[in-house]
2 protein chains.
Amino acid sequence: MKQDVEKKIIDAARELFYEKGFTGVTVRDIANKAEVNLALLHYYFRTKDKIFEIVFKEAFALLFKKLNKALSSDVNLLEKIKLIVESYITAATKYPQLASFIMHEMSVNKDVVWQIIYSQEGKKDVNDNYNRFFQEIVDAGQNGIIKNIDPKILFIDIMSLSLFPFMANAFLTGFLYSEKKAEYNEMIKNRINRTCDLIINDLKV
Amino acid sequence: MKQDVEKKIIDAARELFYEKGFTGVTVRDIANKAEVNLALLHYYFRTKDKIFEIVFKEAFALLFKKLNKALSSDVNLLEKIKLIVESYITAATKYPQLASFIMHEMSVNKDVVWQIIYSQEGKKDVNDNYNRFFQEIVDAGQNGIIKNIDPKILFIDIMSLSLFPFMANAFLTGFLYSEKKAEYNEMIKNRINRTCDLIINDLKV
DNA sequence: GTCTATATCCAGATAGAC
DNA sequence: GTCTATCTGGATATAGAC
């Protein structure tokens with residue numbers, strides 16, 4: 001089936017791009033991994049850039065779609081923070097190289113990547129959700145529900161604690177957890193709780 | 001001077017490799033940026049791999065040499081934690097793409113990079129320093145000086161909060177701080193204090 | 001040491017038979 | 001749609017004159 005071949009190609013491309021980045025992968029690599037003829041790959045997607053665009057768009061959505069839902073959900077502030085942490089870490093657990101891929105391509109491939117991001121709709125909604133969440137934090141601070149804190153700092157702390165352990169996978173499994181992959185996995189499994197504890201403990205007045 | 005040309009080449013290579021990664025850079029790029037003839041570059045360093053090896057070794061030392069000094073310094077535990085945070089963040093402030101570069105190459109270029117790392121001496125010393133620090137944390141926990149905590153988790157939290165804001169530079173300046181570069185720099189300037197607060201506050205019994 | 005010229009290989013992409 | 005064969009450009013690397 002046509003759908004079948006297209007899927008095989010994108011699946012292979014996703015895996016390779018996540019692992020090695022755009023410049024680290026050749027279309028021949030993709031064709032081989034997908035077990036598809038090289039010319040056929042070009043027949044379906046025309047250029048390497050097109051394939052990358054599809055993979056990157058999808059990756060971006062994977063990491064931020066659930067986040068957006070968490071941001072706009074109708075629960076109290078601390079619950080919302082938990083949802084945000086959860087959205088990052090479940091996405092990263094499912095696709096361990098997702099965060100590195102996005103961050104790396106965003107800084108290496110700036111022009112291409114921003115064009116892709118801008119071509120996405122719903123950007124305004126996302127911003128609205130961010131701003132509402134940030135306002136909630138400021139309000140909660142002024143009402144003495146949590147301590148006063150710059151919402152952007154809080155957001156960076158959350159992202160840092162959630163995503164870094166995945167982005168540093170090679171480093172951590174090479175040093176801290178060398179020969180101890182199971183212990184690394186255990187750490188990852190507990191990462192949602194650990195992150196929430198740290199963040200929420202810090203917010204106490 | 002000979003030294004001069006070598007330095008020009010390595011300086012150019014460092015800048016380009018940090019920015020685009022090994023596969024994103026050509027030797028022509030390096031030669032152009034260094035304003036050196038392409039053949040001359042090969043005369044001095046023979047291969048692209050050799051140049052990369054020099055740059056990566058240096059990068060690794062930049063990020064972890066000061067850390068090692070912090071780990072082995074003779075101050076109390078909380079002071080030591082501050083030194084560690086400081087060592088990461090000052091290194092990253094000086095070379096904003098250092099952490100991304102190392103993490104990315106470690107996961108993309110595993111074989112090459114690990115060979116480079118293993119070829120470094122002093123690996124045993126580093127491990128000893130880690131282990132001593134970890135033991136200190138366990139002891140302090142049992143003595144009720146800080147709360148009981150898995151030292152590896154603590155270490156990951158420290159690295160996460162210290163290095164992620166740099167690794168996500170493109171993302172953060174694109175979204176949270178778009179059109180607000182000064183505010184991003186301000187956040188970075190306060191990052192040592194913020195990280196220490198979060199970490200040390202969490203360690204209270 | 002420094003250059004020009006070039007060998008060799010591999011990348012992305014397409015032509016054209018089936 | 002799928003394949004083989006091939007074009008074209010760009011990459012790493014070297015030969016050899018100066």
Side-chain angles (χ1 to χ4, degrees), chain A residues 1-59 101 104-105 108-113 115-116, chain B residues 1-59 101 104-105 108-113 115-116:
Chain A
M1 307 295 88
K2 184 188 162 193
Q3 304 283 10
D4 233 50
V5 178
E6 285 185 351
K7 186 174 178 318
K8 280 206 304 193
I9 294 170
I10 294 299
D11 285 346
R14 183 188 309 108
E15 212 170 310
L16 288 166
F17 281 143
Y18 281 19
E19 193 188 328
K20 297 173 193 293
F22 180 78
T23 56
V25 175
T26 71
V27 286
R28 280 178 171 82
D29 293 338
I30 299 174
N32 287 340
K33 182 159 208 123
E35 291 176 308
V36 155
N37 184 281
L38 175 61
L40 198 56
L41 181 147
H42 279 103
Y43 171 77
Y44 277 113
F45 296 101
R46 254 189 44 253
T47 66
K48 184 186 175 187
D49 286 46
K50 268 282 165 218
I51 300 178
F52 176 77
E53 188 182 323
I54 292 168
V55 170
F56 185 86
K57 258 186 194 160
E58 185 209 64
F101 171 66
H104 184 253
E105 297 303 335
V108 162
N109 234 328
K110 280 199 174 64
D111 301 345
V112 177
V113 159
Q115 186 143 10
I116 296 175
Chain B
M1 305 295 86
K2 184 186 163 195
Q3 303 283 11
D4 232 51
V5 177
E6 285 185 352
K7 185 173 180 318
K8 279 206 304 192
I9 293 170
I10 295 298
D11 285 346
R14 183 189 308 108
E15 212 170 311
L16 287 167
F17 280 143
Y18 281 18
E19 191 188 331
K20 299 174 192 292
F22 180 77
T23 56
V25 174
T26 70
V27 284
R28 271 173 232 271
D29 294 338
I30 299 174
N32 286 341
K33 184 162 204 116
E35 292 177 305
V36 154
N37 184 280
L38 176 60
L40 198 56
L41 181 148
H42 280 103
Y43 170 78
Y44 277 113
F45 296 102
R46 254 189 44 253
T47 66
K48 183 185 174 186
D49 286 48
K50 269 282 165 217
I51 300 178
F52 176 78
E53 189 182 321
I54 292 168
V55 170
F56 185 86
K57 259 187 193 159
E58 184 209 63
F101 170 67
H104 184 253
E105 297 303 334
V108 161
N109 235 329
K110 280 198 176 60
D111 302 346
V112 176
V113 160
Q115 187 143 10
I116 295 175

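Computation of the quantities below employed the complete heavy-atom set of this structure, encompassing side-chain atoms and omitting hydrogens, waters and symmetry-equivalent molecules. Every chain is numbered from 1, with letters handed out A, B, ... down the list of sequences.
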Atom pair distance, as rounded to whole Å: CD1 in A:Ile30 and P in C:dC10
18 Å
Within 45° of the axis and under 6.0 Å from the centre of the six-membered ring of A:Phe22, does NZ or CZ of A:Lys48 qualify?
yes
Spacing of A:Asp49 atom CG relative to C:dA13 atom P, expressed in whole Å
7 Å
Aromatic rings A:Phe17 and A:Phe101: how do their planes relate, parallel, tilted or perpendicular, breaks at 30° and 60°?
parallel
Identified side-chain contact (heavy atoms from CB on, under 4.5 Å) partner of B:Phe45 from the options B:Ile10, B:Ile30, B:Leu40:
B:Ile10
For C:dA13 and A:His42 - does any side-chain N or O of the residue sit under 4.0 Å from the phosphate oxygens OP1/OP2?
yes
Please determine, for the side chain of B:Thr26, which listed nucleotide (D:dA11, D:dC3, C:dT2) has the closest atom?
D:dA11
Please give, in whole Å, the distance from D:dG1 C1' to A:Leu40 CG?
7 Å
Out of C:dC3, D:dA13, D:dG1, minimum distance to the side chain of A:Tyr43 belongs to D:dG1
To the nearest 0.5 Å, what is the distance between CD1 on A:Ile51 and CZ on A:Arg14?
12.0 Å
Can you tell me which nucleotide in C:dT4, C:dT2, D:dT12 comes closest to the side chain of B:Lys48?
D:dT12
Give a yes or no on whether a donor-acceptor pair under 3.5 Å exists between the nucleobase atoms of D:dG10, that is its base, and the side chain of B:Arg28.
no
Side chains of A:Lys8 and A:Val36, heavy atoms from C-beta outward: is any pair under 4.5 Å?
yes
Atom CG of B:Asn37 and atom C1' of D:dG16 are separated, to the nearest Å, by 14 Å
Closest to the side chain of A:Tyr44, out of C:dA11, D:dT12, D:dT2, is D:dT2
Could you give the CZ-to-P distance, from B:Phe45 to D:dT12, as a whole number of Å?
15 Å
When rounded to whole Å, the CG to P distance for the pair A:Asn32 and C:dG12 reads 12 Å
Spacing between B:Ile51 atom CD1 and D:dA11 atom P, to the nearest angstrom
15 Å
Closest to the side chain of B:Leu38, out of C:dG12, D:dG1, D:dT12, is D:dT12
Using the side-chain heavy atoms of A:Thr47, tell me which of these nucleotides is nearest: C:dA13, D:dT12, C:dT2.
C:dA13
Out of D:dA13, C:dA11, D:dT4, minimum distance to the side chain of A:Ala39 belongs to D:dT4
Over how many whole Å does the gap from A:Arg46 atom CZ to C:dA15 atom P extend?
13 Å
